Amino acid sequence: LVRKLYTLVVIKQNEQLLLGFKKRGFGMNKINGFGGKVEPGETIRDAAIREVTEESGVDVSSNLRKAGILEFTFEGESVLMEVHVFEADGFTGTPVESDEMRPEWYPVSNPPFDRMWLDDKLWIPILLKGSCFRGVFHFRGHETILSHTLSEVSLKEIDA
């Protein structure tokens, strides 16, 4: 498998989640956090900050907390997606729609799991309680989880 690095940021502010409706590309028509590919020479943290700004117009550089690492594989595909997950507790700027994402607010108490990736309902509650996690998910297509593992871990275990 070819390992590729990605970032994902879930923004929380005042008991609300700022997520994005994906308008094109991988995950189109799903609600998700903001993020994307880590570019050559870029740190994972810098990639997370850049992707949030590109996709939503806001700056999370002073509000970012590492929360987890998720690995995704898809049946019949040769890529392993290593996704570094962050939580941003607030931001500066005003959310704006981009070519790729339309920012939308949701109550922390009721994320739109029925419109998100299937795995999100498993790890987002861990993130929202302030814990760290590590998970591995294997999908058939984009709608069926064939197998997974998920556990709460220490920050040290995901920051290494």
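Because the structure is predicted, anything quoted here is derived from the model rather than measured.
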To the nearest 0.5 Å, what is the distance between NE2 on H138 and CG on L146? 5.0 Å

Less than 4.5 Å apart, any side-chain heavy atom of L150 and any of W123? yes

Could you report the tightest heavy-atom contact between A88 and L64, atom names first, then the distance? CB-CD1, 4.1 Å

Distance in Å, F139 CZ paired with T73 OG1, rounded so as to fall on 0.5 Å steps: 9.5 Å

Taking it one step at a time, do R24 and D99 satisfy side chain to side chain contact (heavy atoms under 4.5 Å, CB included)? CA-CA 8 Å; R24 62 180 168 97; D99 291 345; 3.9 Å; yes

Just wondering, do P107 and N110 contact through their side chains at under 4.5 Å, heavy atoms? yes

Any heavy-atom pair between the side chains of T92 and V58 that's under 4.5 Å? no

Are any non-hydrogen side-chain atoms of I31 and E104 less than 4.5 angstrom apart? yes

Can you list the steps and then say if V79 with L1 is a side chain to side chain contact (heavy atoms under 4.5 Å, CB included)? CA-CA 5 Å; V79 171; L1 293 174; over 6 Å; no

Walk me through whether T7 and H84 qualify under side chain to side chain donor-acceptor pair (under 3.5 Å). CA-CA 5 Å; T7 64; H84 291 255; over 6 Å; no

Do K66 and E87 meet the salt-bridge criterion of a basic N to acidic O distance under 4.0 Å? no

Interatomic distance, CZ@R102 vs CD@E55, rounded to 0.5 Å, equals 13.5 Å

Apply salt bridge (Lys or Arg N to Asp or Glu O under 4.0 Å) to R50 and E42, showing your working. CA-CA 10 Å; R50 175 185 52 76; E42 188 175 42; 2.6 Å; yes

Using the side chain to side chain contact (heavy atoms under 4.5 Å, CB included) definition, which of the options V136, D119, L80 pairs with F72? D119

Any side-chain heavy-atom pair of S56 and F34 under 4.5 Å: yes

Are any side-chain N or O atoms of E54 and backbone N or O atoms of E51, one a donor and one an acceptor, separated by less than 3.5 Å? no

Joint hydrophobic cluster, F137 plus I158, side-chain heavy atoms closer than 4.5 Å: no

Spatial distance of atom CG (D159) from atom OG (S154) [nearest 0.5 Å]: 9.0 Å

Counting distance only, does the side-chain N/O of N14 pair as donor-acceptor with the main-chain N or O of Q16 below 3.5 Å? no

If you look at every heavy atom in P103 and L18, which pair is closest and at what distance? CB-CD1, 3.8 Å

Are E152 and S131 close enough, and set up right, to give a side chain to side chain donor-acceptor pair (under 3.5 Å), and what steps lead you there? CA-CA 7 Å; E152 288 188 41; S131 296; 3.2 Å; yes

So if you build clusters from Ile, Leu, Val, Met, Phe, Trp, Tyr with side-chain heavy-atom gaps below 4.5 Å, do V108 and V85 land together? yes

Show the nearest heavy-atom pair for residues R45 and S61, with the distance to one decimal. NH2-O, 3.1 Å

When clusters are formed by joining ILVMFWY residues with side-chain heavy atoms under 4.5 Å apart, either directly or through shared neighbours, do V52 and I49 land in the same one? yes

Taking E157's backbone N and O only, do any of them form a donor-acceptor pair with R134's side chain (distance below 3.5 Å, no angle check)? yes

Is it the case that atom CD in E75 sees more than 12 heavy atoms from other parts of the structure closer than 6.0 Å? yes

Look at the side-chain heavy atoms of Ile, Leu, Val, Met, Phe, Trp and Tyr, link any pair under 4.5 Å apart, and say whether I145 and L70 land in one connected group. yes

P111 vs L17 side-chain heavy atoms within contact, under 4.5 Å: yes

If you apply the rule salt bridge (Lys or Arg N to Asp or Glu O under 4.0 Å), what do you find for E143 with K30, and how did you get there? CA-CA 11 Å; E143 303 303 327; K30 292 190 182 298; 2.9 Å; yes

Could you check whether any side-chain heavy atom of W117 comes within less than 4.5 Å of a side-chain heavy atom of N32, counting everything from C-beta outward? yes

Nearest 0.5 Å please: distance from the CG atom of D120 over to the CG atom of D114. 11.5 Å

Going hydrophobic residue to hydrophobic residue with side-chain gaps under 4.5 angstrom, can you get from F86 over to I69? no

Nearest-0.5 Å distance that lies between atom CG in L127 and atom NZ in K129: 11.0 Å

At their closest point, which heavy atom of L19 faces which heavy atom of V10, and how far apart are they? CD2-CG1, 4.2 Å

Run the salt bridge (Lys or Arg N to Asp or Glu O under 4.0 Å) test on E82 and R3 for me, step by step, so that the C-alpha distance in whole Å, both residues' side-chain angles and the decisive distance to 0.1 Å come before the verdict. CA-CA 7 Å; E82 180 181 312; R3 183 178 296 268; 2.7 Å; yes

Quick one: does F113's side chain get under 4.5 Å of I124's, heavy atoms only? yes

Distance-minimising heavy-atom pair for A48 and V9: CB-CG2, 3.8 Å

Can you tell me if NZ on K23 sees more than 12 non-hydrogen neighbours from other groups inside 6.0 Å? yes

Over 60° means perpendicular and under 30° means parallel, so tell me whether F74 and F26 are parallel, tilted or perpendicular. perpendicular

May I have the step-by-step check of side chain to side chain contact (heavy atoms under 4.5 Å, CB included) for M101 and K22, ending in yes or no? CA-CA 5 Å; M101 300 282 268; K22 189 78 158 59; 3.3 Å; yes

